Number of protein chains: 2
Amino acid sequence: MARTAYHHGDLHQQAHDQALAVLRLEGDGAISLRAIAKQIGVSAPALYRHYADRESLLAELAISGFAALRQQLLSVDQHAPRAALIGIGLAYVAFAQSEPNLYRLMFGGRVLPKGAHPRLDQAGLDAFNVLQDTIARGQRAGYLKPAPLALMTATAWSLVHGLSQLTIDGHLPNAGAEPQLAEGITSLLLEGAIAPTHNHIDNNEDTP
Amino acid sequence: MARTAYHHGDLHQQAHDQALAVLRLEGDGAISLRAIAKQIGVSAPALYRHYADRESLLAELAISGFAALRQQLLSVDQHAPRAALIGIGLAYVAFAQSEPNLYRLMFGGRVLPKGAHPRLDQAGLDAFNVLQDTIARGQRAGYLKPAPLALMTATAWSLVHGLSQLTIDGHLPNAGAEPQLAEGITSLLLEGAIAPTHNHIDNNEDTP
DNA sequence: GCTCCAAGTTAACGGTGTTAACATTGGCAT
DNA sequence: ATGCCAATGTTAACACCGTTAACTTGGAGC
C-alpha cells in the first residue's frame, strides 16, 4: 500500500522510531501514544492498527534492544578464554551505559511482565545464550571450573546485570565512565575473593 | 488535632499503608492517588497536604523498604567471616524475593530518580553500608583479599542485586525458591571461577 | 470568645489509554 | 474497467489520572 495523504504507509516504523527517541531522552514513562501520534501527524487511534496497546509498542522497543545487545556481545573476540569473558562483561555493561533507558525498559519487570510477549522473551534468551556460550567455551578450554553451566552463567549474568543497573541508576559511588571498575569486578569473580592463604580450604566441590 | 468527621487525623499513615498494599499486589504503576483517597474515604487533593506529589509518596514507601532491608541484613550473624558473607547474600536475595514490587520500586531508577529525594538516598546508603561493613570485617579477619574495599563491595552488591532482579523478573531459568542457587553463586564469587590449574597465573595484583 | 492556620472540601484543567462507529482508499477478482 | 473488500485511517467519547485554585471547616492558643 503506497503512502498517500490518508494512508500513511510507514506508520509502524515511524511510531517505533519516535517512541525510541522519546525513550532515549526521557525514559519509558514519558512515552505517550497520543503524543507520538501527534508528532507523526496521525490520529491517536491509528496506532492501534499497528500495536495492540501501549505495552506492545514498548515490547517491540525492548525486542530491538535485546537484538542490539546480542549483536554487541557477538562482536567480542572469542579467541582467548579469559579475554573473551572479560570482553563480554565489558561489552554488556557498555551497552547498558550507552542506552540506560532502553536497558531499564528491557529489564524492567514491572512494565513488561515476563510471559506476556513471547517474542520479547525469546529475544532476551537469544542475548543470554551468547553469554552462556562464552562460558561453556571457557569450560571446554579447561579455563573455567567444571561447575554446573547454569550456575556459572547465572553468576556471571547476575554480576554484569547488577553492575549495569547500579551504575545506570547512580547507586555505585564509582559509577563513572571508568571501565576499570567493570574489569576489576570481572577479574575478582574469575580469581575469587578469598585470600590465597585460605584458598585451599572449603574447596570441597567441583575440584577433581 | 483529634480525628473528627472532617479532620481525618491519620491520613498520612493510612495513605502510606494503602499505597503499600496496592504496591505489593499490583506494583507501583497501579498506585493511584485518587484511588487511595477514595479507599480511605477522603478527597483526592487532601493527600497533597501530606505528600508533595505522587512521587513523594512512592519515595516514602521506598524509604521504609530500605529500612526493612537494612534490618534484615543487620540480623545476619557476623561471627564467622564466610558465614557472614553468605548470610548477607542470602538475606538480601530473600528480601527481594519476599517483596518483589517493593524491591523494584526501591531500585527502579526511572520512577525515583537519584538525587530527587535525599532521605531516600540516605536510606539506600544505610542499607548498603551493612554490606560494606561485613566485607570490611572479612578483610580485617584476613579472610578476604586486601583488594580495594570499594571494588569488593561493588562486586558483592552487583552480584546480589543482579541475582535479585533477575530472579524476581523470572529471567533466570532456575529462578525458583531454592536458596541453593544463591548459595552456589556466593561461593563461586568467594572461591573464584577459574580452574585450580590456572589459578596461579595472572595474579599480578593485590597478592602480597 | 476570637482569631488563625492546618486540614479538609468541590470544581476544574489538561493529560492519558482505549473503544466504538464511521470514512477513505488501494488492490484484487471478476 | 469496475466493483467490492479489507486495511487503514478518521472523529467522538469514556473513564481514568495527577495536580492546582479557591473555598470551608473546625480545633488550638491568645
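Throughout, protein chains are lettered first and strands after them, A, B, ... in sequence-line order, and every chain is numbered starting at 1. In this text the structure is predicted, and so the values were computed from the model without any measurement.
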Subject >> Heavy-atom closest contact (Ala96(B) atom, Ile168(B) atom, distance) >> reply: O-CD1, 3.3 Å
**OP:** Write down the distance between CD1 (Ile40(A)) and C1' (dT8(D)), rounded to a whole number of angstrom.
**Re:** 14 Å
**OP:** Could you verify whether a donor N or O on one side chain and an acceptor N or O on the other, from His12(B) and Glu60(B), lie under 3.5 Å apart?
**Re:** yes
Original post:
Taking the six-membered ring for Trp, are His161(A) and Tyr103(A) ring centroids under 6.0 Å apart?
Top reply: yes
**OP:** Report the distance from atom CZ of Arg104(A) to atom OG of Ser164(A), rounding to the nearest 0.5 Å.
**Re:** 11.5 Å
Original post:
Leu58(A) CG to dG17(C) C1': how many Å, rounded?
Top reply: 12 Å
Subject >> Spacing between Ile36(B) atom CD1 and dT19(D) atom C1', to the nearest angstrom >> reply: 15 Å
Original post:
Does NZ in Lys114(A) sit with more than 12 non-hydrogen atoms of other residues, nucleotides or ligands closer than 6.0 Å?
Top reply: yes
Subject >> Closest listed nucleotide, where the reference is the side chain of Val42(A) and the choices are dG17(C), dG8(C), dG9(D) >> reply: dG9(D)
**OP:** Grab the OH-P distance between Tyr48(A) and dT10(D) for me, whole Å please.
**Re:** 14 Å
Original post:
For Ala62(B) and Met106(B), which heavy atoms make the closest approach, and how far apart are they?
Top reply: O-CG, 3.8 Å
Original post:
Of the residues in residues 49-56 of chain B, which ones touch DNA chain C at a heavy-atom distance under 4.0 Å?
Top reply: Arg49(B), His50(B)
Subject >> Note, Pro81(A) side chain near Arg137(A) side chain (heavy atom, < 4.5 Å) >> reply: no
Original post:
Picking from dT16(C), dT10(D), dC17(D), which would you name as closest to the side chain of Arg34(B)?
Top reply: dC17(D)
Original post:
Is Ser32(A) near enough to dG17(C) that one of its side-chain N or O atoms lies under 4.0 angstrom from OP1 or OP2?
Top reply: yes
**OP:** Check the distance between dG9(D)'s P and Leu33(A)'s CG and give it to me in whole angstrom.
**Re:** 15 Å
Subject >> Gap between atoms CG and P, on Asp10(A) and dT8(D) respectively (whole Å) >> reply: 12 Å
Original post:
Where is the tightest heavy-atom contact between Ile88(B) and Val76(B), given as atom of each residue plus distance?
Top reply: N-CG1, 3.9 Å
Original post:
In whole Å, what is the span from the NE2 atom of His12(B) to the P atom of dA7(C)?
Top reply: 11 Å
Original post:
Under 30°, 30 to 60°, or over 60°: which ring-plane class applies to Phe107(B) and His171(A), parallel, tilted or perpendicular?
Top reply: perpendicular
Subject >> Length of the CG-P vector between Leu47(A) and dG17(C), whole Å >> reply: 9 Å
Subject >> Of residues 20-31 of chain B, the positions that come close to DNA chain C - non-hydrogen atoms, cut-off under 4.0 Å >> reply: none
Subject >> Proximal nucleotide (of dT16(C), dC17(D), dT10(C)) relative to the Pro45(B) side chain >> reply: dT10(C)
